[in-house]
Peer 1: 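Here's a structure for you.
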Amino acid sequence: NEGHQVGEHALNPDPETALSNILPILYRAGDPDFGPAMAAYLAIPANDWFALGNRAVTLLDLEQYEAALETNTRAMASG
């Protein structure tokens with residue numbers, strides 16, 4: 001990778017982005033760290049339509065259908 005520079009964001013993604021990418025892997029693998037990772041993800045504030053919409057998609061990927069629907073409803077109401 002000589003001469004290849006990686007942006008700071010790629011090296012240190014924000015926790016929400018990192019967790020939204022890691023959670024489906026942990027979930028599908030049945031990893032015991034899924035529960036704590038999910039709790040950390042849900043503890044991150046999501047108040048605008050963009051963050052709520054992204055969270056709804058993540059929850060849908062995790063087969064958390066009721067939570068995804070509720071989060072999507074909140075996203076639509078906030079936008």
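Index from 1, following the sequence.
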Peer 1: Apart from Val57 itself, what residues make up its hydrophobic cluster when side-chain heavy atoms of I, L, V, M, F, W and Y under 4.5 Å apart count as a link, directly or indirectly?
Peer 2: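 Grouped by the 4.5 Å side-chain rule, Val57 forms a cluster of one, so the answer is none.
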Peer 1: I'd like to check the side-chain contact (heavy atoms from CB on, under 4.5 Å) partners of Asn54; sequence neighbours left out, ordered by chain and number.
Peer 2: Phe50
Peer 1: According to side-chain contact (heavy atoms from CB on, under 4.5 Å), who are the partners of Ile44, at least two apart in sequence or on a separate chain?
Peer 2: Pro15, Glu16, Leu19, Arg55
Peer 1: Side chains of residues 65-76: which donor-acceptor partners sit under 3.5 Å, not counting sequence neighbours?
Peer 2:
{"unit_1": "Thr71", "atom_1": "OG1", "unit_2": "Ala67", "atom_2": "O", "d": "2.8"}
{"unit_1": "Thr73", "atom_1": "OG1", "unit_2": "Leu69", "atom_2": "O", "d": "2.9"}
{"unit_1": "Arg74", "atom_1": "NH2", "unit_2": "Ala46", "atom_2": "O", "d": "3.3"}

Peer 1: Passes side-chain contact (heavy atoms from CB on, under 4.5 Å), Leu62 versus Arg28? Steps please.
Peer 2: CA-CA 8 Å; Leu62 300 172; Arg28 286 179 183 82; 5.5 Å; no
Peer 1: Hydrophobic cluster membership, with links at side-chain heavy-atom distances under 4.5 Å among I/L/V/M/F/W/Y: are Leu26 and Leu42 in one?
Peer 2: yes
Peer 1: Could you check whether any side-chain heavy atom of Asn47 comes within less than 4.5 Å of a side-chain heavy atom of Ser78, counting everything from C-beta outward?
Peer 2: no
Peer 1: Evaluate side chain to side chain donor-acceptor pair (under 3.5 Å) for Thr58 paired with Asp61, printing each intermediate quantity in order.
Peer 2: CA-CA 5 Å; Thr58 299; Asp61 287 345; 5.5 Å; no
Peer 1: For residues 15-45, which residue pairs pass the ring-ring contact (aromatic ring centres under 6.0 Å, His included) check, not counting sequence neighbours?
Peer 2: Tyr27-Phe34
